[in-house]
Amino acid sequence: MKRAASFVRMIGVSKLALLGAALTTSGVLAELLLVFGELFVFESHPYIGIVSYVLLPGMIVLGLVMIPIGMALRLRAARAGFSFAALDRVAEKRGVHVGHAGQVILTLSLVNLVIFGVIGYRGFHYTESVEFCGQVCHEVMHPEYTAYARSPHSQISCVECHIGPGAGWFVKSKLSGARQLVAVVADTYSRPIETPVHNLRPAREVCEICHRPEIFHGNLIKVLEQYEPDEDNTRTYTVLNMRVGGGDDADRVAHGIHWHVSNEHEVRYYATDRKREDIVWIEQTSADGTRRVWTDPDRPVPPPDPADLRVMDCVDCHNRPTHVYLTPDEALDAALAHGRIDADIPWIRKLAFELLTIPYASAESAAAGLAELPAVYRERYPNHWTTHEASVRDAVPPLQDIHRSNVFPAMNVQWNTYSSLIGHATEHTRACFRCHDGRLRDETGAPITLDCRSCHYILANREVAPTILDRLETD
Ligand code: HEC
Ligand code: HEC
Ligand code: HEC
Ligand code: HEC
Ligand code: HEC
């Protein structure tokens, strides 16, 4: 008791120190309550994490810092100079037993150390969690989180791809995380978030924890089910045999689409823009010392600085392994194929596309706009309306859902903001054709392959009933 009284009186020499002590004490108490509550009483929630791992620890530390500052100021005011002897004199005047107060300070510091250990440990796990990365900054990460949640990688936490193992990336990520938190609080983050992500950890270190490109030898059959924008919404099939290939297989050299990421060689390129769309220089260096370079004869560039080169990795093609945003065509085709929208409604493919791709200003106005489908349909196709009224009305919720999960006006994420780099050139990205467009040539003048059959065999191209499907026995 005497010790505690000494401590309080000692702190009491300064109002600032007293306020600091009050802040710290209430911070610690609130923290203990929250941690206890999270463990035993209520479900953890992303915002509680922000309070218990960012705000309260900040308050506790602030309080702790205020104590010595307050005492130092007090001593200065007493013109005592900062020394323990001076502190002793000031304290003695107030009847403080410095030794006792010191013991209390030591004990409390030990308690604080334990508390910070626990907060630090839990805070670390919290900042690594999907809920923190994906849900706390709800508006900011809403697009990425939504797209992630429906992808094949939704069981993998954000940090497994974005940070990966190792101390270096850990430190980098916490620094950049702190910067991002500031940007969110100060409302200075970019909308949409810029892509490609320039400080992404080299994908091969991340993806190859689970995937090994040397194992992908052989082809991959893709069946695309699509609907035409005509009265019957005519269904067609495109069947591609993708030559995925691979490399480093014991008895085969790198070949096919995964040739670019073989362990036998490295492909590096130089792009003039941050989007990496304008590629003007490519180099392949092999383990055996051979080297090939492709350049654009119409736009010769001096050999680029190695620091500006990008080593081609998985993400140069698989830029959407988990943040999978569909195009309006893909989303509608899937909804019709799965029967969420009735493909028997005449003209529905065409009209739905029209309504979906209106640039709505907000998610709410999009939902309202799409709810107009029955009214628009009725006006345009009065004859079909009478026979299909119910299914047209049923098409509204799936349409709203398609829009909600691919377009995020609050973040300026529109259709095709985040296009996939796998495929042919579109107005949004030239994808594979950033390099495979005949522009870039090697020393002999030969262009990078443009041959359809080096990338895929086309087994059917927009056919209504391709025989290959019977042979594949798909359903
Ligand atoms: C399977 C690996 C993987 C997982 C898991 C993952 N991401 Fe990504 N993320 C990527 C790749 C790859 C990119 C695109 C990089 C590029 O285009 O340069 C990306 C891009 C982003 C971007 C930039 C905007 C964009 O869409 O290009 C944000 C923001 C982001 N991720 C947040 C998250 C959050 C939040 C989570 C967890 C909810 C998460 N990521 C989980 C691989 C992943
Ligand atoms: C922690 C393990 C893990 C990591 C890391 C990982 N993946 Fe995957 N990936 C999987 C699993 C498991 C599947 C199969 C999911 C399924 O079929 O349900 C998969 C599926 C895929 C597919 C096929 C997708 C499809 O639509 O069928 C691609 C492409 C892919 N991953 C690329 C990547 C890329 C690129 C990265 C690095 C950015 C990556 N993966 C990181 C485990 C992982
Ligand atoms: C040059 C572009 C390119 C690069 C680089 C690339 N891929 Fe692929 N990958 C493809 C294409 C194209 C397919 C065929 C699937 C498709 O068309 O959607 C594919 C298919 C796959 C599949 C699915 C295979 C299957 O049989 O289901 C996985 C998994 C995959 N890639 C992982 C990776 C990983 C991991 C890396 C990096 C080590 C990588 N890819 C590098 C273009 C690429
Ligand atoms: C950064 C430039 C670049 C991009 C992007 C790129 N490629 Fe390539 N690709 C090359 C170069 C260079 C070669 C080697 C020259 C050649 O074979 O004609 C090559 C070769 C190939 C080959 C032949 C490999 C073999 O068996 O010898 C295939 C198949 C291929 N690419 C498919 C793709 C596909 C599919 C995509 C998009 C998903 C793609 N590439 C994107 C640069 C690129
Ligand atoms: C550099 C590699 C490459 C070359 C060269 C190439 N393609 Fe493709 N093609 C792709 C990729 C990648 C896709 C997308 C596959 C997917 O959906 O995952 C694709 C998709 C397609 C599709 C389906 C498109 C759709 O969505 O309806 C058709 C049809 C097609 N290609 C025809 C051709 C023809 C014809 C040629 C030659 C004139 C050709 N391609 C040359 C890589 C290539």
Side-chain angles (χ1 to χ4, degrees), residues 38-39 42-50 53 121-170 172-174 176-177 180 192-193 195-197 199-216 218 220-223 242 244 246 257-258 261 313-327 330-331 334-335 337-338 340 398 401-402 404-408 411 413 417-422:
E38 237 190 311
L39 284 178
F42 43 79
E43 284 271 292
S44 96
H45 181 278
Y47 292 107
I48 293 183
I50 282 272
Y53 304 118
Y121 176 77
R122 289 181 55 86
F124 166 76
H125 283 285
Y126 169 68
T127 56
E128 302 275 289
S129 68
V130 171
E131 65 178 24
F132 177 75
C133 302
Q135 287 169 291
V136 166
C137 310
H138 190 75
E139 177 182 296
V140 188
M141 288 296 145
H142 186 44
E144 282 75 26
Y145 180 72
T146 309
Y148 152 92
R150 58 159 186 247
S151 84
H153 293 110
S154 60
Q155 303 292 339
I156 306 175
S157 69
C158 318
V159 294
E160 269 176 275
C161 282
H162 282 276
I163 302 167
W169 284 96
F170 172 74
K172 256 194 199 176
S173 78
K174 292 297 169 212
S176 114
Q180 286 163 19
I193 295 174
T195 190
V197 180
N199 56 5
L200 202 69
R201 182 178 193 150
R204 301 198 53 171
E205 289 172 25
V206 174
C207 313
E208 289 182 17
I209 293 172
C210 302
H211 300 285
R212 288 180 60 202
E214 57 265 51
I215 302 300
F216 311 142
L220 175 68
I221 301 279
K222 294 209 85 165
V223 180
M242 303 301 297
V244 178
I257 298 172
H258 281 162
V261 286
D313 69 22
C314 321
V315 170
D316 285 290
C317 301
H318 297 283
N319 63 329
R320 301 280 134 218
T322 193
H323 309 293
V324 189
Y325 302 90
L326 302 180
T327 64
E330 285 167 344
H338 297 164
R340 287 195 298 272
D401 186 53
I402 288 176
R404 192 168 35 234
S405 43
N406 291 290
V407 179
F408 305 85
M411 282 298 292
V413 174
T417 297
Y418 295 121
S419 294
S420 165
L421 293 176
I422 291 185

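Ring geometry, H211 versus H153: the interplanar angle exceeds 60°, so the pair is classed perpendicular (tilted spans 30 to 60°). Y325 and F408 have perpendicular rings, their planes meeting at more than 60° on a 0 to 90° scale where under 30° would count as parallel.
To the nearest 0.5 Å, the span separating OH on Y148 from CD on Q155 amounts to 7.5 Å. For the atom pair CG of L421 and OG of S419, the computed distance is 8.0 Å after rounding to the nearest 0.5 Å.
Listed by chain and number, the residues in a side-chain contact (heavy atoms from CB on, under 4.5 Å) with I422 are C317, H318, S420 (sequence neighbours excluded). With sequence neighbours excluded, the residues satisfying side-chain contact (heavy atoms from CB on, under 4.5 Å) with I193 are V140, M141, E144, M411, Y418. With sequence neighbours excluded, the residues satisfying side chain to side chain donor-acceptor pair (under 3.5 Å) with S151 are T322. A search for salt bridge (Lys or Arg N to Asp or Glu O under 4.0 Å) contacts involving R404 returns D401, not counting sequence neighbours. Contacts of D313 classified as side chain to side chain donor-acceptor pair (under 3.5 Å), with partners at least two apart in sequence or in another chain: R310. For the side-chain contact (heavy atoms from CB on, under 4.5 Å) test, residues two or more places apart in sequence or in another chain that qualify with P398 are R340, I341.
Not a single donor-acceptor pair under 3.5 Å links the side chain of E205 to the backbone N or O of P202. Between the R320 side chain and the L326 main chain, no donor and acceptor come within less than 3.5 Å of each other. A donor-acceptor contact shorter than 3.5 Å links the side chain of T146 to the backbone of H142.
Nearest heavy atom pair, residue R150 against residue V324, reads NH2-O, 2.5 Å. Among all heavy-atom pairs drawn from V413 and P192, the shortest one is CG2-CB, 3.8 Å.
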